[in-house]
Amino acid sequence: MDIDLEGIVIIVGNYGSGKTEVAINLAVHQRQTGKDVRIADLDLVNPYFRTREVKDALTERGIDVVLPPEKYLQADLPILSPLVSGMIRRPSGLTLIDAGGDDAGATVLASLADSFKDKTIQMFQVVNPFRPFTETIEGCLKIRDEIEGASKLRITGIIGNANLIDETTAGHIYDGYGFVRKLSNKSGLPLLCIAVAVNLLDKIDTKRFSCPVLCLERMLTLPWM
Amino acid sequence: MPKTFKKPEALSDQKTHYCPGCTHGVIHRLVAEVIDELGVRGRTVGIAPVGCAVLAYNYFTFDFLEAAHGRAPAMATGIKRVRPDLIVFTYQGDGDLASIGMGEIIHAANRGEKFTTIFVNNAVYGMTGGQMAPTTMPHQRTTTSPFGRDVADVGMPVKMAELLSALQTPGYITRQTVIKPKHIVRAKKAIKQAFTYQLEGKCFSLVEVVSTCPVNWGMTPLDAIKWTEETLLPYYQLGDVKTPEN
Amino acid sequence: MSYHMSIDVERCKGCGLCIAVCPQHVLELSEEVNPLGYFPVFQARPDDCNHCALCCMMCPDVAITITEVVDDTSAQA
Amino acid sequence: MGKVLMKGNEAIGEAAIRAGCLNYFAYPITPQSEVAEYLSKRMKEVGGLFLQGESEVAVSYMLFGAAACGERVFTTSSSPGISLMSEGISYISGAQLPVVFVNIVRGGPGLGGILPSQGDYLQATKGGGHGDYKLLVMAPASVQEAVEMVMTAFPLAEKYRNPVMIIGDGLIGQMMEPVEFPDHLKSEPTNKDEWAANGMDTRKSDTPNIVKTLHLDPKILNELNLTLKAKYERMKQEEVRYEPYNIDSDYQVLIVSYGTMSRVCRTAVDDLKESGFEVGMIRPKTLFPFPEKAVREAAGKASCKVVISIELSMGQMVEDVERSVLGQRPVEWYGMCGGDIPTPEEVMDAVKSLV
């Protein structure tokens, strides 16, 4: 039971669901299996905690990171790199796209519709039931509708990311798994995997899950850590 | 037909600081009469501007706020949004509303805020000593246009009623004056209509009142009325410019 | 029923707007200064007043009022 | 309700609702726009009000209007926006209205940048607008603390009839932490009928209330300013909040630091302690009133050789620290304010270089 992705994979979700952390870790994980991996930061709405902050760490691992030009990296501007449409038109290996939060962040995807045409695309909704607006199944489904409406693309699967950062316990992981299972049943969307922080792994009985576990190493850290 | 006449209840006993012949006093009285007639004194909040009417809160007998220059429409928005049951009006002059507060009045009108603005246009900054206003007439001399307003340099006088009427949001925008009894009767009707729209929760309403400033114009009160009639009214034409129905 | 017009001398600023609108030419400016320093208006020809109230309407200082006087003669009539 | 994972900006918005403030006027500016985005959804759910004003100037007077008729109201903005609101803040202070402001500070001067900064210390604590006024200023160091400060800010603003400002740098607004919303922070009834222009019928009175800032009589204006001064003195007596850290050790250096910067300093203090180098820290939670006595006493400790103010600004807090230390020890400064945050190692080097 392992995660095996290829082609174009888009990561979406509500604000703070952990999309970027999940996307980065997916990139690292898939790279470790020997695939060619590229990741594009399409978060045009949130100026903090973006993929661009871990560019060097990813590049060292042989992952191709597509970002706006260097001089605009800290700008408060919605700059979409022209490289993005190129990488979508000619995908090879795994092409990961880290979209911004909510429908607002997913809107940019609609502008790339020409590039997405005739391509098979997988789009995963990251869900953390400990976040506002996604505490209920209805909340998650509402966000799914909003994102699909804004991006003009269909969500094809779910990634569970139940956590309270440093205060996450095994209980939270089990509860979160139960929640995304229910969401999967209700929505008919398959569960790709659930994310579990690396330091919690030995406290978790992964046999309780019928989906793969993505081991999450926190890369977007705070300055005092 | 003989009739009685007395000070409205909504007007206080205080003597105003306005100069002899200044029509602010007439406009104050009309607002007070309308508030009395609508029976809303106990739930009215007025907002005084920066300008000659800065002390307006002394002349009425209901709650009042005093605003910073031009910001009265933002304050009125604040009140009306949290207490829609209150009857709110701003009382603003031409410098206050058409210059420093242009942004506030346009956006309040465009949002369709349900308050009423009484806009007193006397084509000059009264309070600060007769300087040029956005509504000063071409060639009109003021203390900052000593050679007369040069429209090539500072543009034409702003017609606020028409400018606000260009907004697509429904509203009641009218221009009146109070220089003669017949005008006063119409002005009062317009003010009452404006407050009635507010009471009905219908729309933003603004009554521009073309007014006089004998002292800063350098005229007797009667000459000021004549000058208003001959010079201001042909440019600032009277009547409803916009009604919520059209 | 009759009407009584009164001018509050202390409120009047002597602007003369009422004089100009009075159709009966009842009003004139006084020669005496009021406490505010103005020469207030007074009814020079009170008998000509028909209580049309145009002066009241024009006065920016609410200095003129007209009240109803209930007297015996009008009650009998 | 258990803990939820929230961004500082969202938590600030939610905290206001939990504190009973259902009126929010704002204008978007990075890095705090998430408050408006969050509340544009949440206020609908709870039947509250969100209005996006046409400018920060207008917003500050919408706050004035809403507060003047006795309703709880707040806004959030970031540095350039607060500069624009400073006009209104002066009027709100002069009219003695309870309004809560949150400033998610970004780099300056001018447009500066969108990354974290503490460059608005002086603006917040010494004025910003015109006239003799002061805000009660609080600075959280975590998302949970931001929640508690916002919830405390409303009753404090009402107690003093004075604006309260919460200063969070961009990182506090943007980072996510687990939070919970205390329900013990309930506020007492206010005396608003005595002053609010809420309509005479509302308070069953026939005496108008007038909310104004114009006082042409010099004696009356002087009296108002004396009243304000007495209020600020009372804040100094009753509202000083701070957190001492490692203050029982025989520290050679005393750090004064607040907000995000203090969290980096905390890590540095821990790491230095492991290497046998003791450093104490006072973290002001209120910037006005400043914890003068705590800093003075901590600086006076026999082992303490030097005091250092560590900030994401070019030493704006130094003069408050100097004023508190009263010349007992030299006062130094370390910091940066381009958007980068010093690492714990850089702080350790700065501290070690002092002795």
Colleague: Please classify the contact of A/Asn163 with chain D as side chain, backbone, both or neither, using a heavy-atom distance under 4.5 Å.
Modeller: both
Colleague: So which part of D/Ser33 gets closer than 4.5 Å to some heavy atom of chain A, the side chain, the backbone, both or neither?
Modeller: neither
Colleague: Identify whether the distance between the nearest side-chain nitrogen and carboxylate oxygen of D/Arg263 and D/Glu177 falls below 4.0 Å.
Modeller: yes
Colleague: So which part of A/Leu220 gets closer than 4.5 Å to some heavy atom of chain D, the side chain, the backbone, both or neither?
Modeller: neither
Colleague: Distance only, no hydrogens: is a donor on one side chain within 3.5 Å (strictly under) of an acceptor on the other, for D/Thr76 and D/Tyr24?
Modeller: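 Note: D/Thr76 and D/Tyr24 side chains meet the donor-acceptor criterion.
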Colleague: Using non-hydrogen atoms only, which part of D/Glu14 is less than 4.5 Å away from chain A: side chain, backbone, both, or neither?
Modeller: neither
Colleague: Cation-pi check for A/Tyr177 against A/Arg208: NZ or CZ below 6.0 Å from the six-membered ring centre and within 45 degrees of the axis, yes or no?
Modeller: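 No - A/Arg208 does not lie over the ring of A/Tyr177 by the 6.0 Å and 45° rule.
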Colleague: Please report the shortest heavy-atom distance between D/Val347 and D/Cys265, naming the atom on each side.
Modeller: CG1-SG, 4.2 Å
Colleague: Any ion pair linking A/Glu148 and A/Arg144 (charged N to carboxylate O, less than 4.0 Å)?
Modeller: yes
Colleague: Under 4.5 Å, counting heavy-atom pairs only, tell me which of A/Leu164, A/Thr168, A/Asp166 racks up the most with chain D.
Modeller: A/Leu164
